[in-house]
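Reading through the structure tokens given below for one structure.
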Amino acid sequence: MIDPWRGELQRVAGLILLGFILGMMLGSVMLGLLLVLSAYLAWHLYNMFRLVRWLRESKKFEPPEASGIWDDAFEQIFRLQQRNRKRKHNLRRMLKRFHKITVALPDATVELRPGSEEIEWWNNAASRYLGFQYPRDTGQRISNLIRYPQFLTYLHTGDWQREVEIPSPVNEDITLRVRIIPYSKNRRLLVARDVTRIQRLERTRQDFVANVSHELRSPLTVVTGYLETLVDNEECAGQLGDQLRSMRSQTERMNRIVNDLMLLSRLESEDPQIDTGTVVVGPLIDTIADHARELSAANEHVITLEVDAGLCLSGHESELYSAFSNLVFNAIRYTPAGGHILISWEEMGGELVFAVSDSGVGIAPHHIPRLTERFYRVDTGRSRATGGTGLGLAIVKHVLLRHEGRLEIDSEPGKGSKFACHFPLGRKTECP
Ligand code: ADP
């Protein structure tokens, strides 16, 4: 038992004794006890009244003086109050700091009301980039203030894993990359970042690569033409002939690199919606398999097809040809003679899947995440020797991006690899 309670029980015992003595003196023990206990009750009521008054007068911090159990009760409540006050103070400081941080954030940040499109709060960057004004725009629907169709589709589809780029409603020369971040149960935060500079740099890079490739093409065509003539010329036989053939094979490689760079530039810059149609994938794979057999030639790879001929895809035929053929030709180039190659096209797990499996050299796991980077090669010597440009998988990645697809790579060194292109079921179309 804690001390204040022992004291209090002693006090009650003393009072009962006093009641007895008083009762004896008055001639009735009951009366004596009643008087003493009434006085005790009155003391409790008085202290209770003081407690309530103290709690109400919140400005008066020090607890009232009291004795017995009430002294302890006042003390405990006082300590609790002090702890709460400290916690409140810390919370207020944290809140102020958080507010200052969000205000200072360079990205526009807008908080929407729970479960709605109405704006609850925004920071200074949002006023700058999105033109929101306080208090005019508090409670406004964000779809009334940012009306670009691509933003409205993004806002309403609920696929907030991706981002969307829109011009700033204040200044059309500024490009904003917008992302909606759901949090709590039904709250949403909108974050918009100024990507004008990055976009400009990216466009400069794309233009540079496109221009360089284009400029290199004409002189290369001339050199290739002359080399063809010289190689066929009988006067240039012998050692000179070997040198000319070597020069021709290098110019052919340069031609392939230039063509792949130009294709990549086009894939990056053109609108993916242009020229889409129904791609009859079955015959496309047959053509690729025929070319693969020519490429394999004396190596006699065993090429097997498992193709659902009734499955057609909405997209660009030439782009899909580039992507699929790159995967198939890689399988031939990185599989030793006599190896097996399986090409499949099917509907699987709610997706359309084009896959190429081989029993080739395989790839160590640490290379896999970097394979789609331009000019990334696991074995540079082998890539060059087999006529690789180092751009094949970068092309595959871009083509898939333009078809809402993704590339999955499974591989084990020494055992083989599987490259699978997954397309959403929404891309399935009626075959003609
Ligand atoms: P490359 O023209 O060098 O083949 P890619 O972009 O097509 O360029 O491929 C990048 C690298 O990925 C290749 O250099 C090669 O090391 C590796 N790779 C691609 N396909 C395969 C495969 N089927 N088996 C083993 N390695 C592969």
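Just so you know, ligand 1 is whichever comes first in the structure, and atom 1 is the first atom listed for that ligand.
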(request) Verify the distance criterion only: is there a donor paired with an acceptor across the side chains of N259 and R217 at less than 3.5 Å? (result) yes
(message) Is there a side-chain contact between Y134 and D137 in this structure, where contact means two heavy atoms from C-beta onward sitting under 4.5 Å apart?
(response) no
(message) I'd like to check E346 versus F354 (side-chain heavy atoms, cut-off strictly below 4.5 Å). Are they in contact?
(response) no
(message) Suppose I only count heavy atoms of G392 and a 4.0 Å limit; which atoms of ligand 1 are within that range?
(response) 5 (P), 6 (O), 7 (O)
(request) Pick one of side chain, backbone, both or neither for how L393 approaches ligand 1, counting any non-hydrogen atom pair under 4.0 Å. (result) both
(message) With a 3.5 Å distance limit and no angle check, can you tell me whether S296 reaches the backbone of H301 through a side-chain donor-acceptor pair?
(response) yes
(request) Say whether F375 and ligand 1 are in contact under the criterion: heavy-atom distance to a ligand atom below 4.0 Å. (result) no
(message) Counting only heavy atoms, tell me which of D358, I341, V378, I368 gets closest to atom 23 (N) of ligand 1.
(response) D358
(request) Describe, in one word, how the ring planes of F423 and W345 are oriented to each other, choosing from parallel (under 30°), tilted (30 to 60°) and perpendicular (over 60°). (result) perpendicular
(request) Take K397 and E373 through the test salt bridge (Lys or Arg N to Asp or Glu O under 4.0 Å) and record every step on the way to the result. (result) CA-CA 9 Å; K397 183 181 115 180; E373 287 174 21; over 6 Å; no
(request) Among all protein heavy atoms, pick the one closest to atom 14 (O) of ligand 1 and tell me residue, atom and distance. (result) Y334 OH, 3.3 Å
(message) Starting from atom 8 (O) of ligand 1, what is the nearest protein heavy atom, named by residue and atom, and what distance separates them?
(response) G390 CA, 3.3 Å
(request) Please confirm whether R333 comes under 4.0 Å of ligand 1, counting heavy atoms of the residue only. (result) yes
(request) Return the residue, atom name and 0.1 Å-rounded distance of the protein heavy atom closest to atom 11 (C) of ligand 1. (result) Y376 O, 3.7 Å
(request) Check whether any side-chain heavy atom of L342 sits under 4.5 Å from a side-chain heavy atom of E306, and report yes or no. (result) yes
(message) Once you measure the plane-to-plane angle for H291 and F329, does it fall in the parallel (<30°), tilted (30-60°) or perpendicular (>60°) bin?
(response) tilted
(request) Decide whether the shortest distance between a heavy atom of S417 and an atom of ligand 1 is less than 4.0 Å. (result) yes
(message) Determine whether a donor-acceptor pair (N or O, by modelled atom type, separation under 3.5 Å) exists between the side chain of H316 and the backbone of Y321.
(response) no
(request) Output the list of atoms in ligand 1 that are nearer than 4.0 Å to some heavy atom of R377, sorted by atom number. (result) 3 (O), 14 (O)
(request) Do me a favour and list the nearest non-hydrogen protein atom to atom 3 (O) of ligand 1 with residue, atom name and distance? (result) S383 OG, 2.5 Å
(request) Provide, to 0.1 Å, the distance between atom 7 (O) of ligand 1 and the closest protein heavy atom, together with that atom's residue and name. (result) N330 ND2, 2.8 Å
(message) Is it the case that the side chain of T389 and the backbone of L391 share a donor-acceptor pair, with hydrogens and angles ignored and the cut-off at 3.5 Å?
(response) yes
(request) Note the single closest protein heavy atom to atom 12 (O) of ligand 1, along with its residue, its atom name and the distance in Å. (result) L371 CD2, 3.3 Å
(request) Find all atoms of ligand 1 within a distance of less than 4.0 Å from any non-hydrogen atom belonging to T389, and give their numbers and elements. (result) 2 (O)
(message) I need the atoms of ligand 1 closer than 4.0 Å to a non-hydrogen atom of G388, numbered in the order shown.
(response) 2 (O)
(message) Check this for me - ligand 1, I363, N or O atoms closer than 3.5 angstrom, yes or no?
(response) no
